[in-house]
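Notes to accompany the following structure.
What you see is a predicted model, and the numbers here were worked out from it, not measured in a lab. A, B, ... follow the sequence lines: proteins, then strands. Residue 1 opens every chain.
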There are 2 protein chains.
Amino acid sequence: MKVNKGVEWAAHACALLAVLPEGWTLSAEALAAYHDVPPAYMAKQMQALSSAGLVVSVRGAAGGYRLARPARDISLKDVFLAVEGAAPSFRCTEVRQNGPCGAAKAQCRKPCGIAASFYAAETAFRDSLAGVTIMDVVASASAASDLGKAAKIATWIQSNASRPGTER
Amino acid sequence: MKVNKGVEWAAHACALLAVLPEGWTLSAEALAAYHDVPPAYMAKQMQALSSAGLVVSVRGAAGGYRLARPARDISLKDVFLAVEGAAPSFRCTEVRQNGPCGAAKAQCRKPCGIAASFYAAETAFRDSLAGVTIMDVVASASAASDLGKAAKIATWIQSNASRPGTER
DNA sequence: CATTATTCGGATAAAAAATATCCGTAAACA
DNA sequence: TGTTTACGGATATTTTTTATCCGAATAATG
Ligand code: FES
Ligand code: FES
């Protein structure tokens with residue numbers, strides 16, 4: 001029962017993309033450098049976000065990633081499902097059908113009480129994440145940081161972000 | 001994000017122990033045979049339940065396992081924590097402290113918004129499981145099964161359970 | 001048009017975790 | 001005393017996660 005490490009990275013990457021000026025992008029490499037994580041693996045997570053439609057990718061020189069929609073419309077559940085996949089974490093192997101007293105397959109169209117409870121618990125997990133948006137995350141982070149840090153980030157963005165479609 | 005297979009087995013094992021007559025036990029081997037799962041690994045799960053205090057183990061000939069308390073006082077959360085462990089599934093690696101704009105360690109005494117949200121989601125997951133007891137599971141299972149099956153199970157128990165402290 | 005920078009997708013490798021088995025010891029009973 | 005069982009640790013196997021790499025496609029730049 002371990003959540004992929006990539007979820008943390010992807011969520012933080014979204015938070016950074018959220019404070020990017022309109023029309024600008026950050027490359028996978030830049031995002032990796034910002035968070036000091038392996039570039040190739042960070043790129044993988046960004047691809048997952050991209051194919052889930054959470055971020056838009058811009059190919060070519062001066063390309064990179066930007067959020068596909070406003071930060072308030074992207075939840076942590078979206079990020080979680082994008083990189084972790086939608087498969088349920090509880091894998092019922094239908095043990096109730098096994099052994100000397102196994103139930104007939106015909107009587108197992110509904111999940112057993114145990115499986116149903118775990119599915120419900122997972123729904124609760126996801127619903128909880130669905131209530132938190134990237135905007136919320138950014139807000140709580142900026143509330144906890146001082147002015148100096150904000151300036152530092154702004155400076156870093158200016159020298160690392162690019163703007164496709166125009167010369168720098 | 002995968003739940004241990006052992007959780008399913010352990011939960012079903014508890015459900016079977018719940019319908020055992022007072023004072024009787026089932027060996028790890030019998031439980032494995034009933035569910036048709038690898039005996040050695042089933043034994044491992046039972047040890048986990050035992051060290052968590054959910055079941056009582058009786059050593060020696062005619063020994064085995066029985067529930068440590070009434071089925072209505074054992075929840076799926078208990079079973080889950082016993083075999084899966086209590087460690088949080090979301091592993092925050094404090095990426096916010098990394099990179100060129102990393103936050104100072106002193107400012108990271110509270111978990112960041114992302115980590116806090118995942119911890120909250122996991123609490124929701126566990127709370128959901130805490131609301132389901134082994135008794136509930138047994139009730140839903142017996143509601144879905146016919147009289148013939150109940151008799152089959154009763155017969156199997158009679159020939160496979162043992163009663164420590166007395167001759168069979 | 002050539003060059004450069006970037007994403008994309010798949011293949012692959014390495015590390016870690018889950019899954020599964022085994023064995024020696026202790027305990028309880030017959 | 002001999003048998004049956006749980007216990008705990010060690011170990012092996014398999015699967016998943018983590019991480020890297022490379023070639024093709026795409027777009028801007030000069
Ligand atoms: S049969 Fe899979 S959880 Fe009950
Ligand atoms: S630093 Fe770990 S989740 Fe934010």
Anything under 3.5 Å between a donor and an acceptor, one on a side chain of residues 97-112 of chain A, the other on a protein residue two or more places apart or in another chain? List them.
{"unit_1": "Q97(A)", "atom_1": "NE2", "unit_2": "E94(A)", "atom_2": "OE1", "d": "3.3"}
{"unit_1": "N98(A)", "atom_1": "ND2", "unit_2": "H35(B)", "atom_2": "O", "d": "3.3"}

Q | ring-ring contact (aromatic ring centres under 6.0 Å, His included) partners of residues 68-108 of chain A, not counting sequence neighbours, each pair once | A | F80(A)-F125(A), F90(A)-F118(A)
**Q.** Position toward the 5' end of DNA chain C (nearest nucleotide), K2(B) or S50(A)
**A.** S50(A)
**Q.** Contacts of type ring pair (Phe, Tyr, Trp, His ring centres under 6.0 Å), residue Y65(B), not counting sequence neighbours
**A.** none
Q. How many Å lie between CH2 on W9(B) and P on dT19(C), as a whole number?
A. 8 Å
Q: Can you sort out which residues in residues 27-47 of chain B have a heavy atom within less than 4.0 Å of DNA chain D? Ascending by number, please.
A: S27(B), A28(B), K44(B), Q47(B)
**Q.** Proximity to DNA chain C (any heavy atom under 4.0 Å), residues of residues 11-21 of chain B only
**A.** none
Could you list the donor-acceptor pairs under 3.5 angstrom formed by side chains in residues 66-73 of chain A, with sequence neighbours left out?
{"unit_1": "R69(A)", "atom_1": "NE", "unit_2": "D73(A)", "atom_2": "O", "d": "2.8"}
{"unit_1": "R69(A)", "atom_1": "NH2", "unit_2": "D73(A)", "atom_2": "O", "d": "3.3"}
{"unit_1": "R69(A)", "atom_1": "NH2", "unit_2": "D78(A)", "atom_2": "OD2", "d": "3.4"}

**Q.** side chain to side chain contact (heavy atoms under 4.5 Å, CB included) partners of T93(B), counting only residues at least two apart
**A.** E8(A), W9(A), V95(B)
When the side chains of residues 137-144 of chain A are checked against the rest of the protein, which donor-acceptor pairs come out under 3.5 Å, sequence neighbours left out?
{"unit_1": "S140(A)", "atom_1": "OG", "unit_2": "V137(A)", "atom_2": "O", "d": "3.0"}
{"unit_1": "S142(A)", "atom_1": "OG", "unit_2": "V138(A)", "atom_2": "O", "d": "3.1"}
{"unit_1": "S142(A)", "atom_1": "OG", "unit_2": "A139(A)", "atom_2": "O", "d": "3.1"}

Q.
Suppose the criterion is salt bridge (charged side-chain N to carboxylate O under 4.0 Å, His left out): which pairs have a residue in residues 122-144 of chain B, not counting sequence neighbours?
A. E122(B)-R126(B)
Q) Where along residues 76-87 of chain A does a heavy atom fall under 4.0 Å from DNA chain C? A) none
Name the atoms and distances for all side-chain donor-acceptor pairs under 3.5 Å in residues 145-155 of chain A, with sequence neighbours left out.
{"unit_1": "D146(A)", "atom_1": "OD1", "unit_2": "G148(A)", "atom_2": "N", "d": "3.3"}
{"unit_1": "D146(A)", "atom_1": "OD1", "unit_2": "K149(A)", "atom_2": "N", "d": "2.9"}
{"unit_1": "T155(A)", "atom_1": "OG1", "unit_2": "A151(A)", "atom_2": "O", "d": "2.9"}

Q: Describe the nucleic acid contact of G6(A) in one word from base, sugar-phosphate, nothing, applying a heavy-atom distance below 4.0 Å.
A: nothing
Q | For atom CG of L49(B) and atom C1' of dA6(D), their distance in whole Å | A | 14 Å
Q.
With the threshold set at under 4.0 Å for non-hydrogen atoms, list the residues of residues 52-60 of chain B touching DNA chain C in residue-number order.
A. R59(B), G60(B)
Q.
What contact category does S51(A) fall into here, base, sugar-phosphate, or nothing, at under 4.0 angstrom with non-hydrogen atoms?
A. nothing
